[in-house]
Q: 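Let me give you the structure first, and then I'll get to my questions.
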Amino acid sequence: MTLVESVLAGNRLALARLLTLVENGLPEGWAALNELYPHTGKAHRIGITGAPGTGKSSLVNQLALFYRQGGNFTPRRVGVIAVDPSSPFTGGAILGDRVRMRDLAGDPGVFIRSMATRGTLGGLAATTAGMVQVMDAAGFDLILVETVGAGQSEVDIARLAHTTLVVEAPGLGDEIQAIKAGILEIADILVINKADRPGVEATERALRNNLQLAHSAPRSFQHHGHIEVLSEHPQKDPEGSIWTPPILKVVATEGDGIAQLVDAIEQHRKFLEISGERQRRELMRIETELENLLRDTLVARWRTTIDAAQYRAVLNRMAARQVSPWQAVQQLLDGGEG
Amino acid sequence: MSEPKASVTERKIRVVVAKPGLDGHDRGAKVVARALRDAGMEVIYTGLRQTPEMIAETALQEDADVVGLSVLSGAHMALVPRILELLRLNGQQNVKVFLGGIIPDEDVPRLIEMGVVGVYGPGTITEVIIQDVRQAVSGSAGSSPD
Ligand SMILES: Nc1nc2c(ncn2[C@@H]2O[C@H](COP(=O)(O)OP(=O)(O)OP(=O)(O)O)[C@@H](O)[C@H]2O)c(=O)[nH]1
Ligand SMILES: [Mg+2]
């Protein structure tokens, strides 16, 4: 059996190995993705993002538990990708999200993979997309992707996800930060976790105010240079309503409010289907994926053609302020003097 | 940014750091985890009171190169063989297992014989562990799923 066949047959070690190949950007990984691609597109992808320590991992734990235990749902297979930052100094990382997911241990219907950001600018999105596709092809119906909220990465996750949860918690003083980062704009569902803590009402009020600001305009994405309007006219479902991100209070450590959250996710999933938004998002995601890949591939290809000494010489000229970054790029690409 | 990177491919050493058993101290495990991180490795930290089954499952899902165990309770002669056996059953016989904690000298040869790569007492310099991990990993080709 090839690695791909083993993955499709449900071999967990094969899945783990393939995730590594994709994560490391190895040719075998890309080749496998080619083969797996026809098997993808079935899973519902949920992004979970928010400031450090808001309880994202605890929430993933509860969500996965809930989906696995059924309720009104047939138990679904749940894949988790938990991203933590790499140290910019050493390139190493401590990936600690599993500590909060121990309730999922021993369940063969769950597969958790930790992942470091590895400082690959832009590349993280492509790598994560590849890993999500592997899990999708391997038959996980629900894929939860946890990312630390820090700027561009949430937007990339929002593109990757069908449903994006933005997690806030009272008492972090991040209400202001949230607006600055524009994080509310990517939220399909807002979760106030740690609702057992004081200050919930204040957080909810702040969110409600900011949410009106964030969603009063058509939703738009910064998309290669120009702003692309996501829903020029808000999508209408047959009842004539538009999607307004609900604000839900939960206590992830106890599981309070999880049933309501799962319900909201299900409603959003239906909204995406009925409104045609799912297809629109999928097209945009695919285009972004292609653009990212194209850029990464072009850069990688070009790098093999450039001589390290020449690269260094241009860098040095830049450092000495003899050439500007734009001139430097020109010199590297055209070999000219800019 | 100094050199242009040769390519986007990157091989990171992935280490699962786990504390099997019931003792409640993970200070040592955390020190080692941080040291390995500072040496550029990716450390999957799993927390206290892990069963051998949980540790093997984590090593599998994370496609770990290395499993670092910290045992202070004295139960290592029961826990370690079980973990090694589970790794083998999962097809991960190539995973390098290291052990730290309070391990009596007379147990060390038997642990090595079972397949543990290195045993470290309290106060071991982390540089030594880092060196050993690097060396052990560079000597193996990785596990195969078949
Ligand atoms: N009181 C209370 N504490 C919580 C709740 N949810 C999570 N916590 C605690 O908050 C801390 C952080 O939880 P995590 O789930 O690790 O948060 P995270 O957002 O995944 O953290 P990072 O991945 O480090 O960004 C832990 O100590 C949790 O036990 C909650 O609902 N109530
Ligand atoms: Mg987390």
Side-chain angles (χ1 to χ4, degrees), chain A residues 1-3 6-7 11-21 23-27 29 80 84 86-87 89-102 104-108 110-116 118 120 123 126-127 296-297 299-300 302-304 306 308 311-312 315 332, chain B residues 1-19 26 29-30 32-65 87 89-95 130 142-146:
Chain A
M1 259 206 239
T2 66
L3 191 62
S6 301
V7 169
N11 181 326
R12 289 162 77 83
L13 182 56
L15 173 58
R17 292 288 302 145
L18 183 52
L19 289 171
T20 304
L21 294 177
E23 185 177 19
N24 290 340
L26 295 170
V80 176
D84 273 327
S86 297
S87 155
F89 304 109
T90 66
I94 292 187
L95 313 173
D97 293 319
R98 292 188 84 100
V99 173
R100 310 274 166 225
M101 303 183 192
R102 54 184 296 142
L104 306 173
D107 182 348
V110 176
F111 195 101
I112 304 167
R113 182 62 175 244
S114 312
M115 182 185 171
R118 294 192 181 177
T120 42
T127 308
D296 290 354
T297 311
V299 169
W302 172 79
R303 285 246 160 118
T304 60
I306 192 87
Y311 191 90
R312 176 147 293 277
L315 263 185
L332 282 171
Chain B
M1 267 293 283
S2 48
E3 295 295 334
K5 265 202 224 131
S7 77
V8 288
T9 65
E10 216 176 335
R11 183 83 184 92
K12 288 271 178 198
I13 298 176
R14 286 171 69 83
V15 187
V16 169
V17 170
K19 261 207 68 66
D26 62 350
K30 279 182 172 156
V32 171
R34 273 194 294 270
L36 297 175
R37 188 249 341 249
D38 292 343
M41 300 179 200
E42 290 180 354
V43 179
I44 296 104
Y45 193 75
T46 58
L48 293 169
R49 297 191 180 84
Q50 298 280 304
T51 64
E53 285 75 15
M54 288 162 94
I55 293 167
E57 186 185 24
T58 299
L60 178 97
Q61 293 178 358
E62 301 290 353
D63 191 22
D65 304 296
L87 287 172
L89 282 174
N90 285 344
Q92 285 196 302
Q93 54 284 335
N94 288 329
V95 170
I130 291 165
S143 50
S144 146
D146 308 299

Q: Report which part of B/Leu48 has an atom under 4.5 Å of a heavy atom belonging to chain A: side chain, backbone, both, or neither.
A: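 Answer is backbone: N, CA, C or O of B/Leu48 sit under 4.5 Å from chain A.
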
Q: Does the side chain of B/Tyr45 reach to within under 4.5 Å of the side chain of A/Val99, using non-hydrogen atoms?
A: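 A side-chain contact exists here, since the closest heavy-atom pair is under 4.5 Å.
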
Q: I need the minimum non-hydrogen distance between B/Arg37 and A/Ala93, along with the two atoms involved.
A: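 That would be CG-N, 3.3 Å.
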
Q: What part of A/Ser114 gets within 4.5 angstrom of chain B, counting heavy atoms only: side chain, backbone, both, or neither?
A: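 Contact with chain B is through both the backbone and side chain of A/Ser114.
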
Q: Which atom names give the shortest non-hydrogen contact between A/Gly91 and B/Lys12, and what distance separates them?
A: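 Closest approach of A/Gly91 to B/Lys12, heavy atoms only: O-NZ, 3.1 Å.
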
Q: Distance from A/Leu18 atom CG to B/Asp63 atom CG, nearest 0.5 Å?
A: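 Result: 10.0 Å between the selected atoms.
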
Q: Is the side chain of B/Arg34 donor-acceptor paired with the backbone N or O of A/Ile94 at a distance under 3.5 Å, no angle test?
A: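 Side chain of B/Arg34 to backbone of A/Ile94: no pair is present.
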
Q: Using a 3.5 Å distance criterion without hydrogens, assess whether the side chain of A/Arg113 forms a donor-acceptor pair with backbone atoms of B/Gln61.
A: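 Yes; judged by distance alone, with no hydrogens or angles, the pair exists.
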
Q: Identify which part of B/Thr51 has an atom lying under 4.5 Å from any heavy atom of chain A, answering side chain, backbone, both or neither.
A: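 B/Thr51 has no heavy atom closer than 4.5 Å to chain A.
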
Q: Checking heavy atoms, do the side chain of A/Arg102, its backbone, both or neither come under 4.5 Å from chain B?
A: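 Both the backbone and the side chain of A/Arg102 come within 4.5 Å of chain B.
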
Q: Check the pair A/Arg12, B/Glu57 against side chain to side chain contact (heavy atoms under 4.5 Å, CB included), reporting the backbone distance first and the verdict last.
A: CA-CA 10 Å; A/Arg12 289 162 77 83; B/Glu57 186 185 24; 4.0 Å; yes

Q: Top residue by heavy-atom pair count (under 4.5 Å) with chain B, among A/Leu19, A/Leu15, A/Val299, A/Thr20?
A: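 Answer, by heavy-atom pair count under 4.5 Å with chain B: A/Thr20.
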
Q: Quick one: what part of A/Val110 sits under 4.5 Å from any heavy atom of chain B, side chain, backbone, both or neither?
A: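 Looking at A/Val110, just its backbone touches chain B.
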
Q: For the CZ atom of A/Arg98 and the CD1 atom of B/Ile44, what is their distance to the nearest 0.5 Å?
A: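 Taking CZ in A/Arg98 and CD1 in B/Ile44, the distance rounds to 8.0 Å.
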
Q: If I take atom CD from residue B/Glu42 and atom OG from residue A/Ser86, how far apart are they, to the nearest 0.5 angstrom?
A: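 Here the interatomic distance stands at 5.5 Å.
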
Q: Looking at B/Arg14 and A/Glu23, does any basic side-chain N land under 4.0 Å from a carboxylate oxygen?
A: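 A salt bridge is present here (some side-chain N lies under 4.0 Å from a carboxylate O).
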
Q: Identify the heavy atoms of A/Leu13 and B/Asn90 that sit nearest to each other, and give their distance.
A: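 Taking A/Leu13 first and B/Asn90 second, the nearest heavy atoms are CD2-O, 3.4 Å.
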
Q: For the CZ atom of A/Phe111 and the CD atom of B/Glu62, what is their distance to the nearest 0.5 Å?
A: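 Reported to 0.5 Å precision, the distance equals 7.5 Å.
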
Q: Measure distances from B/Glu53 to the heavy atoms of chain A and classify the residue's part below 4.5 Å as side chain, backbone, both or neither.
A: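 Contact with chain A involves no heavy atom of B/Glu53 at all.
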
